[in-house]
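What follows is a short report on a single structure.
Note that these values count all heavy atoms, side chains included, but never hydrogens, waters or copies made by symmetry. All figures in this text were calculated on a predicted structure; none of them were measured in a lab.
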Amino acid sequence: MYNNMDEIMETISMIRDKNLDVRTTTMGISLLDCADSDIDRSCEKIYEKICRKAENLVKTGETISKKYGIPIVNKRVSVTPIAMLTGISGGDPVKYAKVLDKAAHTIGIDFIGGYSALVQKGFSAGDRELIESIPQALAETELVCSSVNIGSTKAGINMDAVALMGHQVQKAALLTKDNQCMGAAKLVVFCNAVEDNPFMAGAFHGVGEADTVLSVGVSGPGVVRSVLHDLPDDAPLNEVAETIKKTAFKITRVGQLVGSEAASMLGVPFGIVDLSLAPTPAIGDSVARILEEIGLEQCGTHGTTAALAMLNDAVKKGGVMASSSVGGLSGAFIPVSEDEGMIAAAREGNLVLEKLEAMTAVCSVGLDMIVIPGDTTPETISAIIADEAAIGMVNTKTTAVRVIPAIGLKSGEELNFGGLLGYGPVMDLKSPSPAKMIHRGGRIPAPLQSLKN
């Protein structure tokens, strides 16, 4: 992997001083062979298979971390979208959520994803039942994460699903109001969801994947910020982009090493490296601070979208050069509550929802970990989802919405999740109602650029 001592020392410095880490090793497990017309038998099969396939996932991560001195922050599992199993078994889908949670606790992982439904073109058997159960499932489990794909460039946007998800996000927050509204923080709504994403809450194991696969997500915003800090203030932007690209290359090589070795030790295929600049609340480990090193006085001001577009593109180019297995989302994440620079900009009013929406057109995901007033209507939440899905649909990219209605809090107050999820100010929303549009339902047709065959 390394060619000389300088590269080894540089990587050690990235880990020790600049918050470089492998954010997650995620094992994807197919549950298609666990489907059964009896939901209880299906749950038994699920528990047995997850515990058998992933029993050494945590130990393997700890072994590699000690061997190379590379922090591996989270160990996770993603599974086949559970709505598919619900369509076969019928019954209460919450049983599936509880068995996933039990298995996750047994093998000692941090999160398990895949309590999911793919409804971009309509509801099939099991989809609506699972979506209706999401708030209860997230309230009654600890480690289960949920996602719903409501649109795609090929299919358009399922506005009936969008309308339903506005209510489900609100209910998820209400049912967990005594736990920082954590239910909504474990629920994400996608357009163009990818099948090999190792990051929660949106991870699920795609039906086109191998039976079992190991993927990694690498994160290093602190590293990128540091190298840009060392550039002269008058360095042209093409030099800035080249510096980011070279840094992303080095970071991705770390992920390739960890992923390949972990997959070999576990006896499963290696999936992908997701090189995503996923921030944390730690000072300096921030995408917003990278944008400020590029030359913005504060993230959110004019020029932010252009700077983010350059950053995202350079990260992807560097990652692709370093590994033939780059996948997932790969790029810059902008979760407000998990990024201390974003939090600061939001507090001062320079980062508002409309600016964040514009930024999502050029970054990896979408409106992520944004705290909104607790009295926000379901129709407004649905409209936020629809706006973001439209950006993804038209631009043929993944977009997502993870908003948290802070029950009992109003604009300007703060909700603190603790740990990796951080804290965030409650952000202002527009007051005119979109209810009439949302209540129309139906489907927004796929755009012309979908006709590529």
Donor-acceptor pairs are to be reported for all side-chain atoms of residues 261-274 against protein atoms at under 3.5 Å, with residues two or more places apart or in another chain.
residue, atom, partner, partner atom, Å
E261, OE1, Y68, OH, 2.6
E261, OE2, K67, NZ, 2.8
D274, OD1, S276, OG, 2.4
D274, OD1, S330, N, 2.9
D274, OD2, L329, N, 2.7

Worksheet entry | Close side-chain approach of T80 to L32, heavy-atom, < 4.5 Å | yes

Worksheet entry | Any donor-acceptor pair under 3.5 Å from N158 side chain to A161 backbone | yes

Worksheet item: Taking only residues two or more places apart in sequence, or in another chain, which ones meet F333 in a ring pair (Phe, Tyr, Trp, His ring centres under 6.0 Å)?
Response: F199

Discussion item. Could you work out, with side chain to side chain contact (heavy atoms under 4.5 Å, CB included) as the rule, every residue matching A173, not counting sequence neighbours?
Written reply: C181, A184, P405, I407

Fill in: T26 side chain vs P198 backbone, donor-acceptor pair below 3.5 Å
yes

Discussion item. We want to know whether N192 and T153 form a side-chain donor-acceptor pair, criterion being a heavy-atom distance below 3.5 angstrom.
Written reply: yes

Worksheet item: Taking atom NZ of K355 as the centre, does the number of heavy atoms from other residues, nucleotides or ligands within less than 6.0 Å exceed 12?
Response: yes

Fill in: Residues forming a salt bridge (Lys or Arg N to Asp or Glu O under 4.0 Å) with E413, sequence neighbours excluded
none

Worksheet item: Would a distance-only check, ignoring hydrogens and angles, find a side-chain to backbone donor-acceptor pair under 3.5 Å from N350 to A345?
Response: no

Practice prompt. Answer yes or no: is there a side-chain heavy-atom contact under 4.5 Å between I50 and I112?
Written response: yes

Fill in: Partners passing salt bridge (Lys or Arg N to Asp or Glu O under 4.0 Å) against E132 (at least two apart in sequence or in another chain)
none

Worksheet item: For L85, which of V79, D36, L31 qualifies under side chain to side chain contact (heavy atoms under 4.5 Å, CB included)?
Response: L31

Discussion item. Test of understanding: with side chain to side chain contact (heavy atoms under 4.5 Å, CB included), list the residues that count as partners of A193, not counting sequence neighbours.
Written reply: N149, F190, F204

Practice prompt. Please list all pairs passing the salt bridge (Lys or Arg N to Asp or Glu O under 4.0 Å) test where one or both residues lie in residues 305-318, with sequence neighbours left out.
Written response: D313-K317

Discussion item. Around atom NZ of K102, are there more than 12 heavy atoms from other residues, nucleotides or ligands closer than 6.0 Å?
Written reply: no

Discussion item. Once salt bridge (Lys or Arg N to Asp or Glu O under 4.0 Å) is applied, what residue pairs with a partner in residues 206-217 remain, sequence neighbours excluded?
Written reply: K49-D211, K53-D211

Discussion item. Under the salt bridge (Lys or Arg N to Asp or Glu O under 4.0 Å) definition, can you give me all pairs with a residue in residues 186-200, not counting sequence neighbours?
Written reply: none

Worksheet item: Under a 4.5 Å cut-off applied to non-hydrogen side-chain atoms, are Q180 and N416 in contact?
Response: no

Worksheet item: With side chains defined as the heavy atoms from C-beta onward, is the minimum distance between T247 and L228 less than 4.5 Å?
Response: no

Worksheet item: Of all residues at least two apart in sequence or in a different chain, which pass the salt bridge (Lys or Arg N to Asp or Glu O under 4.0 Å) check with E129?
Response: none

Worksheet, complete the sentence: Residues passing the side chain to side chain contact (heavy atoms under 4.5 Å, CB included) test with A307, sequence neighbours excluded, are L291, I294, L296

Fill in: T86 side-chain N/O to I82 backbone N/O, donor-acceptor pair under 3.5 Å
yes

Worksheet item: D38: what forms a salt bridge (Lys or Arg N to Asp or Glu O under 4.0 Å) with it, not counting sequence neighbours?
Response: R41

Worksheet item: Does NE2 belonging to H229 count more than 12 external heavy atoms closer than 6.0 Å?
Response: no

